[in-house]
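Below is one structure, written out as structure tokens; the observations come after it.
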Amino acid sequence: LTVSGTTMKIYKNGILDHTYTSGQEPIVVIRNFNFIGAALYEDGMAGFLDGTVAYLKIWHGVELKQLDVTKIYSPYTFTHFWDFRGCSSDHTLDSVE
């Protein structure tokens, strides 16, 4: 997500997915808690992310362009993927035939 003035751009997997022109830049505030993947309202938290956040980077005062986002995301575009979450063994055997 990039924000510049009222323009918000959402990138998915390094590619521009949506552009909104009715947004606003976040205001600077001091917070006791910060949440990634959740919203904090006066009556408590709501709207939790159902998934995982693998990588999170924040740039303050810099609007990233499409080329910047593509360059940053490119190391994470794998042609092979092994998901070992949920494995219960103490060791992993990796074999490619």
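The residues of the chain are indexed from 1 along the displayed sequence. Keep in mind that the numbers below use all heavy atoms, side chains included, and drop hydrogens, waters and symmetry copies.
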Using distance only, find each side-chain donor-acceptor pair of residues 2-11 under 3.5 Å and give its atom names and separation, not counting sequence neighbours.
{"residue": "Ser4", "atom": "OG", "partner": "Glu63", "partner atom": "OE1", "Å": "3.3"}
{"residue": "Thr6", "atom": "OG1", "partner": "Thr21", "partner atom": "O", "Å": "3.3"}

Lys65/Asp68 under side-chain contact (heavy atoms from CB on, under 4.5 Å): CA gap, chis, key distance, verdict: CA-CA 5 Å; Lys65 304 295 182 193; Asp68 301 320; 3.6 Å; yes
Val62: side chain to side chain contact (heavy atoms under 4.5 Å, CB included) partners, not counting sequence neighbours: Trp59, Leu64
Side-chain cluster (under 4.5 Å, hydrophobic types only) that Val29 belongs to, other residues: Ile27
Leu1-Val69 co-clustered via ILVMFWY side chain contacts under 4.5 Å: no
